[in-house]
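Notes follow the structure.
To find a chain, count down the sequence lines: A is the first, B the second, and so on, and within it residues start at 1.
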Amino acid sequence: MNDTPSGTTTSAVNDQIRVRMAPSPTGYLHIGGARTALFNWLFAKHHNGTFILRIDDTDMARSTDESMHEIYEALKWLGIDWNEHYVQSERRSVYDGYVQRLLESGNAYHCYCTPEELEAIRTQARADKQPRSYDGRCQHLTSEAVQRFVAEGRKPTVRIKMPDRPIRVDDIVLGSRNIDPTTLEDEVIVRSNGMPNYNLTSIIDDAEMRITHVIRGTEHLNNTPKQIAIANALGLKVPQFAHIPLVLDSSGRKMSKRHHGDLVAVNRYREQGYLPEAMLNFVVRLGWSYDDKQEIFSVDELIEKFDLARIGKSGSVFDIKKLEWLNSHYINQRSVPARTDAVIPFWQKEGLLNSTEDRNWLEGIVAAVGERLTTLQDIVPQTRYFFTDEFEYDPKAVKKWWGNSEEKRQKTTEILTHISQILEKIPQFDIETIEAAIWKYTDENNIKRVAAMQALRIALTGASFGPSLFDIVVLLGKDEVLKRIPKAIDHL
RNA sequence: GCCGCUAUCGUCUAGGGGUCAGGACGGGUGGUUCUCAGCCACCAAACCGGGGUUCGAAUCCCCGUAGCGGUACCA
């Protein structure tokens, strides 16, 4: 930790920092991917470097164009932009050249084993408690054997020959260590269909693209010595590595598409009304911290303060409660007009808006709702009654505030009737006038303010909670209010 | 099985040989109020275990234990 390589601090070669985010387009962008992208992007921005988006789509069977575009879209939504862009499947010829060199130098060889044979080897190795399964047997194939395999129609894979000497892995986050090469097996670097594999293309591209720092999840830790071995065999420059701890679920397991479905999809959070700045702020604090004082960081502050040296070593649990807190913080930080803009699509999606609504009225609703939104989507249940009088009267609220006895219901009817009359005759339908009139009524008649207000609230909104009732009354308008009160009384 | 990584409140974390082990989220209590939310105040809540080193260890070392990751012709 103390001899952390340079690059985490400001130095003269800053403008040469080059990092990349290398997703495989096999699904949506997930939380962990977003964080990897963010860390790389922040690191680049902090050092005035270059952030590269590289699509690692060598697994043609699983990669899709659709996924690729979803990833672009999600990154853009987060505000993460890239300076350069590459797609590995378009770079086949580059890799082919390197494979040739590896084959010619004897650092790689063809393997004719079938999947079934490999499976058997694996099972046996495990039973024998061996550290690795494949034993390099195809290195020593006789030419007759090769001819026989070829005649059988077997298509070989290419395997990298692992070195004999320990491989040193330096990691900015985790520190340095030496890996015993006898625990490493001769990895397949080219599939039998001719398509190169991740461990090969990744390290080649890192070198070709002059990547200085590879910032990625610790699930790649075990790949690192393999990639270094390949780079060494090719004489390629090896970037510095920074393996960041995993994002875990509440039971401590790695968050993955496989096990968590769209719970890990960035897009899901977008659809549910989370703000990109909240997502960014949330995700950056999963593994990174600045000090013991600050939780809220603007993007500019993040760029200024981000430092690989302050990334922790242990995994972090994804806590939706904290995301919610950040989200409401950022929602509340937006002005009412901005919040209104953000919330309109959610009203539209619910079919609550028919485009005849007055902008000022909508902003009035948003202002009345105030700081009650955790997500933008919350606007729907919280404001539905403004757009329609077809809502349920919450049974629990009714029982508590309208009364559970004939006598109490009678009293409620009376109060609502009085209020209706007061509102009908009110000289000015504004908050101050209405408030004064209603307080006058309750206080003079010895009626509890809360009782009158809650009775009215349920009559107008169906619920026992919500924004200030006077705001609601004014926003609803006199006609609507005078319509809803009798309707509520009928229901009593 | 094998290889590797990690270990401070429930969660995110600060700290790092001598601190009342700090903050934040969440939780709880009280106050404000027409409700809810908010806001304010307060409360509970942690150094995985065992050995060393040391006057002193949560902090350094060793050993355990546990958890996690990887173990593919995925990335």
Side-chain angles (χ1 to χ4, degrees), chain A residues 22-26 56-59 61-63 111 113-115 118-119 122 125-133 155-159 169 171 174 177 179-180 183-185 187-199 201-202 216-225 243 245-246 248 250-254 282 285-296 310 312-326 328 332 369-374 382 397 401 435 438-439 442 448-458 461 463-470:
Chain A
S24 66
T26 55
D56 281 11
D57 61 344
T58 51
D59 184 351
R62 295 199 308 145
S63 298
C111 169
C113 294
T114 63
L118 257 16
E119 182 55 38
R122 235 188 318 271
R126 200 173 180 137
D128 295 343
K129 305 191 174 193
Q130 292 299 307
R132 58 185 175 187
S133 54
K155 295 269 186 280
T157 60
V158 178
R159 287 182 185 269
V169 178
D171 192 282
L174 265 13
R177 69 219 155 90
I179 300 299
D180 176 359
T183 65
L184 264 21
E185 63 181 62
E187 208 71 21
V188 169
I189 55 173
V190 181
R191 297 170 171 88
S192 55
N193 67 6
M195 182 61 76
N197 255 332
Y198 166 75
N199 279 314
T201 60
S202 181
R216 61 177 19 164
T218 48
E219 70 265 30
H220 289 293
L221 203 52
N222 295 293
N223 289 322
T224 309
H243 284 95
L246 299 174
L248 313 170
S250 56
S251 52
R253 268 181 261 275
K254 175 183 165 187
F282 173 66
R285 289 285 290 100
L286 258 25
W288 177 85
S289 64
Y290 179 65
D291 59 18
D292 64 339
K293 298 182 178 62
Q294 193 170 357
E295 286 291 340
I296 307 283
R310 293 200 63 88
K313 296 181 182 183
S314 51
S316 346
V317 173
F318 179 98
D319 179 14
I320 189 75
K321 289 290 183 190
K322 184 152 180 197
L323 208 210
E324 287 175 352
W325 169 68
L326 282 165
S328 64
N332 297 338
V369 167
E371 299 191 340
R372 273 166 270 252
L373 299 178
T374 295
Q382 289 192 30
W401 296 106
E435 183 171 358
I438 293 195
W439 288 165
T442 54
K448 275 188 184 159
R449 288 182 172 190
V450 63
M453 294 297 273
Q454 287 298 76
L456 180 60
R457 176 183 295 281
I458 296 161
T461 72
S464 61
F465 56 87
S468 166
L469 232 203
F470 299 114

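The closest side-chain heavy-atom distance from A:Q382 to A:F465 is not below 4.5 Å. Under the 4.5 Å side-chain criterion, counting only non-hydrogen atoms from C-beta, A:W325 is not in contact with A:F282. Inter-residue side-chain proximity for A:P245 and A:S314 is flagged as unmet; no heavy-atom pair is nearer than 4.5 Å. Counting heavy atoms from C-beta outward, A:L469 and A:I438 have side chains that stay 4.5 Å or more apart. In this structure the side chain of A:H220 reaches within 4.5 angstrom of the side chain of A:Y198, judged on heavy atoms.
Heavy atoms of A:S316 sit under 4.0 angstrom from primed sugar atoms or phosphate atoms, though from no base atom. Within the 4.0 angstrom heavy-atom criterion, no nucleotide atom of any strand lies near A:G370. Contact annotation for A:F470: base contact, defined as any heavy-atom pair under 4.0 Å involving a base atom. A:P467 comes within 4.0 angstrom of a base, heavy atoms only.
Taken to the nearest 0.5 Å, the CZ atom of A:F470 stands 8.5 Å off from the CG atom of A:L456. Residue A:D57 holds its CG atom at 11.5 Å from CZ of A:R62, rounded to the nearest 0.5 Å. Atoms CZ and CG, on A:R253 and A:L248 in that order, are 10.5 Å from each other to the nearest 0.5 Å. The distance from atom OG1 of A:T374 to atom CG of A:L323, rounded to the nearest 0.5 Å, is 11.0 Å.
Between the side chain of A:R457 and the base of B:rC34, a donor-acceptor pair under 3.5 Å is found. The base of B:rC34 sits with one of its N or O atoms less than 3.5 Å from a complementary donor or acceptor on the side chain of A:S468. The base of B:rG23 is paired with the side chain of A:E295 by a donor and an acceptor separated by under 3.5 Å.
Comparing A:D319 and A:A125 by the nucleotide of RNA chain B that holds the closest heavy atom to each, the one mapping nearer the 5' end is A:A125.
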Next item on the list: Indicate for each nucleotide in nucleotides 61-75 of chain B, in 5' to 3' sequence, whether protein heavy atoms under 4.0 Å reach the base (B), only the sugar-phosphate (S), or nothing (-).
Entry: -------SBS-SBBB
Check: Just by protein heavy atoms under 4.0 Å, how would nucleotides 44-49 of chain B read 5' to 3' in B, S and -?
Finding: ------
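Look at B:rC2: its Watson-Crick or wobble partner, with both distances under 3.5 angstrom, is B:rG70. Within the shown strands, nothing qualifies as a pairing partner of B:rC20 under the Watson-Crick or G-U definition with both distances less than 3.5 Å. Nucleotide B:rA57 has no partner under the Watson-Crick or G-U criteria, as no pair reaches both atom distances under 3.5 Å.
Protein atom NZ of A:K322 is 16 Å distant from nucleotide atom C1' of B:rG27, rounded to whole Å. Atom CZ in A:F282 sits about 18 Å away from atom P in B:rA24, given to the nearest Å. In this structure, CD of A:E324 is placed 17 Å from P of B:rC12, rounded to the nearest angstrom. If you take CG of A:D128 and P of B:rG1, they are 15 Å apart, rounded to a whole angstrom.
Of all nucleotides listed (B:rC34, B:rC25, B:rG4), B:rC34 comes nearest to the side chain of A:M453. Among the nucleotides B:rA14, B:rC12, B:rA7, the one closest to the side chain of A:L286 is B:rC12. If you check B:rA37, B:rU11, B:rC25 against the side chain of A:V317, the one that comes closest is B:rU11. Nearest to the side chain of A:L174, among B:rU6, B:rU13, B:rC34, sits B:rU6. Side chain of A:S289, nearest nucleotide from B:rC36, B:rC34, B:rA14: B:rA14. Closest to the A:F465 side chain, of the nucleotides B:rC36, B:rG26, B:rC12, is B:rC36. With B:rC12, B:rG15, B:rG4 as the choices, the nucleotide that has an atom nearest any side-chain atom of A:R177 turns out to be B:rG4.
Straight-line distance between the C1' atoms of B:rC43 and B:rC60: roughly 36 Å, to the nearest whole Å. Straight-line distance between the P atoms of B:rC62 and B:rA41: roughly 45 Å, to the nearest whole Å. Distance noted for atom C1' between B:rG30 and B:rA57: 40 Å (whole Å). Spacing between B:rG15 and B:rC73 at atom P, rounded to whole Å, works out to 43 Å. Between B:rU35 and B:rG27, the distance separating the two C1' atoms is 22 Å to the nearest Å. The C1' atoms of B:rC61 and B:rU53 are separated by 7 Å, rounded to the nearest whole Å. The separation of B:rA44 from B:rA37, taken at their P atoms, amounts to 24 Å, rounded to a whole angstrom. A distance of about 12 Å separates the P atoms of B:rG22 and B:rA45, rounded to the whole Å.
For the side-chain contact (heavy atoms from CB on, under 4.5 Å) with A:V188, the lone residue among A:T157, A:V158, A:L118 that qualifies is A:T157.
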Notebook entry, point to check: Taking it one step at a time, do A:H243 and A:T224 satisfy side-chain hydrogen bond (donor to acceptor under 3.5 Å, both in side chains)?
Noted result: CA-CA 10 Å; A:H243 284 95; A:T224 309; 3.2 Å; yes
Margin query: side chain to side chain contact (heavy atoms under 4.5 Å, CB included), that's the test. Do A:N193 and A:K155 meet it? Break it down for me.
Written below: CA-CA 7 Å; A:N193 67 6; A:K155 295 269 186 280; over 6 Å; no
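Residue A:R449 places at least one side-chain N or O closer than 4.0 Å to OP1 or OP2 of B:rC34.
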